[in-house]
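The structure appears below as structure tokens.
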Amino acid sequence: MNNIASIAISNTTRKFDKDYHYIIPDKYIGSIVPGMRVIVPFGKSNRLVEGYVLDVLESPEVSSLKEISRVIDEKPVLKENMIRLACWMKRQYICTYYDTIKCMLPPGTGVSSTKVVRLKKCEGGFKGNIKKIIDVLAECGGEMEYEELKKQVNTKTFAKYINNLKEQGCIEVHEEFTSKVKEKYVRAVYLAKPWEEVVYDIETNKIKNIKHIRILELLAENEYIPVGDIVRFVGVSAGVLDTLKKKGYLEFEDIEVTRDPAANMPYERTLPMKPTQEQQVVIDRVKSMLDSGEFNEVLLHGITGSGKTEVYLQLIGHCISMGKQAIVLVPEISLTPQMVNRFKGRFGEDVAVMHSRLSLGERYDQWRLVRDGRTKVVVGARSAVFAPFDNLGLVIIDEEHESSYKSEIVPKYHAAEIARQRCIMENAVLLYGSATPSVETYYRAKTGEIELLEMTKRANNMLLPEVKVVDMRNELNAGNRSVFSRCLQNEIRKNIDSGQQTIVFLNRRGYATFILCRNCGYVLKCPYCDVSLTYHSHEERVICHYCGFTVKNPEHCPKCKSNHIRNFGTGTQKIEEEVKKQFEGCTVIRMDLDTTTGKNSHEEILRKFRDDNINVMVGTQMIAKGHDFPNVTLVGVLAADSILNTGDYKAAERTFQLLTQVAGRAGRGTIPGRVIIQTYNTDNYSIVCACEQDYVSFYNNEILVRKNLQYPPFIHLASVILSGVNDKQVLNRALFVKNELCRHFKDNGSTAQILGPLRAPLAKIKNKYRWRIVIKCEESDKLIDVLTKVSDGYYSKSAKNSVALSVDINPVNML
DNA sequence: AGCACGCCGACT
DNA sequence: GTCGGCGTGCTC
Ligand SMILES: [Zn+2]
Ligand SMILES: [Zn+2]
């Protein structure tokens, strides 16, 4: 008999994160299964905490164990595959069970508790604070919230007195648990009589009112109908339903409704298209992988417009026909309604959507659709890789090179790593798709570790744009101080005259915005962080994105007192002004991801740009992803080289990917597009290759650089960041940690380069100084092994650490 | 992390 | 005797 549960506790630290064993009370034996959420007493005080059943096992040795207090939900929230994944992640990312489980569950599901204290008897001579507790409690009618009572009594040893009183039987403490998200119910009606009887009553004129008949007819076709729907469809007031209930024809009941994020997003059903020859080859190959039922990893390198999405759709179709499920990952910014509709168009309501822009309720409902097997395809951003399918056949990672697949918070996983592990454990096929694969993935394909499939032809005979690189040094020499080269100016003017549209991209390093004094060049910075402040138009305030520090938008420069201080956004505002100044009567629209707020304003701006035929749109690079603008015939890229030479080993790759994408998109219509790339660095291979849309040449160049400088894929990177308020102390700890790292690498017999400590790129956040150690190691396992030992060792020694240590394995952003 | 326990010194 | 402060140790 399985009488013991092995349980992971919520809110632990690495130090005490293990499987804790609890007795399953007799009443729960058989009903508590792995993956369930329970409440258990934990620690000396037996405070009640949330726990996750990892396993149930049998043991006669029971004496020293505590009992599970109660179960939270009737169904498991984690399936067996997810529990195995959690164990793997805990090891891989040096985090806790709970950290990993949080990734797998929709946000808002965690329980929070309220404790209520009740007075039972108040005999006995109480004195001091104990008397005060009794008095306050009695004054409030003998029942009070724990926290409120604690506040009013205001003593440091409150918990002790409460325990004391509890033991004496004077008070009782009740604890309730609730979670933020709940199922949504609506009032609905159903037929309370057999349909034949209703028909009889209608025929015998017992029911005459035409609207009554209409309602009953609707109910004959649908078991339950929400009251609101009847009111709307039939055009009656809710009171009519009360009448019908009184006559015994119908009954009310609350039914659960699924909150559908796309409820009023119509889509058209599509049928599979006849694949091109190239597409067919890819489809056949991956289908045979699916048929084999074994783990397989494959890179689909297909240029923009080669029809990757149709390939995905047909593979998913095959996967479904095998009775399996599929996950499609798409970068958050590309996850537009149009994108989702391509999948819904093919698979209808078998598609669930998962991304962070949905409300808590919607996310919860979409997640449950997946868990309960009511859907077969998930389309989503990074977190969708945790979709709780139990018969996974295929995972597709579109735009595999996108850095948004890497999580910025603990556990700092990359969606591709999780997908790979899932596919290994669940015998699924993992398909990476990209027009510009990351160098690491392409290397794996080239060396035969994973399979490489290619699509090199444009499915719809799109015309490639004509790309021109302008050397901005020449402009300067010729006395042109404008942000636009003479060439770009001419082309923009031509476009305005002919009524065609232009997009101007400003390629910026990072997306941080800034507020600048034009008089003295002073940039407004956060006093606690090493970052510039961001302007928020609500209430005219400036705010720090890292610590939340906020002040009123200054009218005068703090340094020179001039009133020339103002918001430059991502720099796009200045470009916008420039366009207005240089092109009389030109209409401009600006799009900054940072400053656009609200659910639809992003979509709204793009729609306005297209529908109102605005002359010029100015924005940061990613804005036009997943959108078609048939009338855009000119794209200008300003500062194309701005992320080169920033010290990030991925800078060249990013530049190439960005420019290729821009160049690949202009000219989708009937008129050939023109792309003008402005740079100070005309001969850098990432720019040259992008102009020619030549990935392979870029790769061949870049892989040599990576090899020479010892960067991925030739080594594994890790970054260790130490942070604390005392700069000197942080550096000291960093030096200590470096020593520890060296020692452990020696111990496990592997070699690594340990660089630093140097000041981290964000040298100060929330008043904490940051120092970074960078590690390069060939063996991934040993790297993780050493980092685990050093990190756990660091936290096991001094309990009170004023310097925090955080680890990022395979960071994608070295800046 | 959170909490109890233990020891000490301050205050009544 | 009562209360708070702080260091230590443990969590099935
Ligand atoms: Zn700040
Ligand atoms: Zn100034």
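Chain A is the first sequence line, chain B the second, and so forth, proteins listed ahead of strands; every chain is numbered from 1.
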### Query
Does the side-chain contact (heavy atoms from CB on, under 4.5 Å) test come out yes or no for A:R14 and A:Y795, once each step is laid out?
CA-CA 8 Å; A:R14 281 280 298 182; A:Y795 279 108; over 6 Å; no
### Task
Write down the distance between NZ (A:K15) and P (C:dG9), rounded to a whole number of angstrom.
10 Å
### For A:D73, side chain to side chain contact (heavy atoms under 4.5 Å, CB included) partners two or more places apart
A:R37, A:V77
## Note on the structure
Residues at least two apart in sequence or cross-chain that pass salt bridge (charged side-chain N to carboxylate O under 4.0 Å, His left out) with A:E148, listed by chain then number, are none
### Task
Keeping to residues at least two apart or across chains, list the salt bridge (charged side-chain N to carboxylate O under 4.0 Å, His left out) pairs with something in residues 18-34 of chain A.
none
### Message
From CG of A:N164 over to C1' of C:dT2, roughly how many Å is that when rounded to an integer?
### Response
13 Å
#### Entry: Under 4.0 Å protein heavy-atom contact, by nucleotide of nucleotides 2-11 of chain B - B base, S sugar-phosphate only
SSS-------
### With A:E175 via side chain to side chain contact (heavy atoms under 4.5 Å, CB included) - residues at least two apart
A:L48, A:R70, A:S113, A:K115, A:F177
### Listed partners of A:T96 passing side-chain hydrogen bond (donor to acceptor under 3.5 Å, both in side chains), at least two apart
A:D99
### With A:D808 via side-chain hydrogen bond (donor to acceptor under 3.5 Å, both in side chains) - residues at least two apart
A:K406
## Note on the structure
Taken in chain and number order and not counting sequence neighbours, the residues that satisfy salt bridge (charged side-chain N to carboxylate O under 4.0 Å, His left out) with A:E779 are A:K782
### Sequence neighbours excluded - salt bridge (charged side-chain N to carboxylate O under 4.0 Å, His left out) pairs with any residue from residues 759-774 of chain A
A:D727-A:R759
### Message
I'd like to check the salt bridge (charged side-chain N to carboxylate O under 4.0 Å, His left out) partners of A:K132; sequence neighbours left out, ordered by chain and number.
### Response
none
## Note on the structure
Contact check, residues 16-27 of chain A vs DNA chain C, heavy-atom distance under 4.0 Å, returns A:F16, A:Y20, A:H21, A:Y22
Please write out the pairs of protein N or O atoms and N or O atoms of nucleotides 3-5 of chain C separated by less than 3.5 Å, giving the distance to one decimal.
from, atom 1, to, atom 2, distance (Å)
C:dC3, OP1, A:N129, N, 3.1
C:dC3, OP2, A:Y161, OH, 3.0
C:dG4, OP2, A:T155, OG1, 2.8
C:dG4, OP2, A:T157, OG1, 3.2

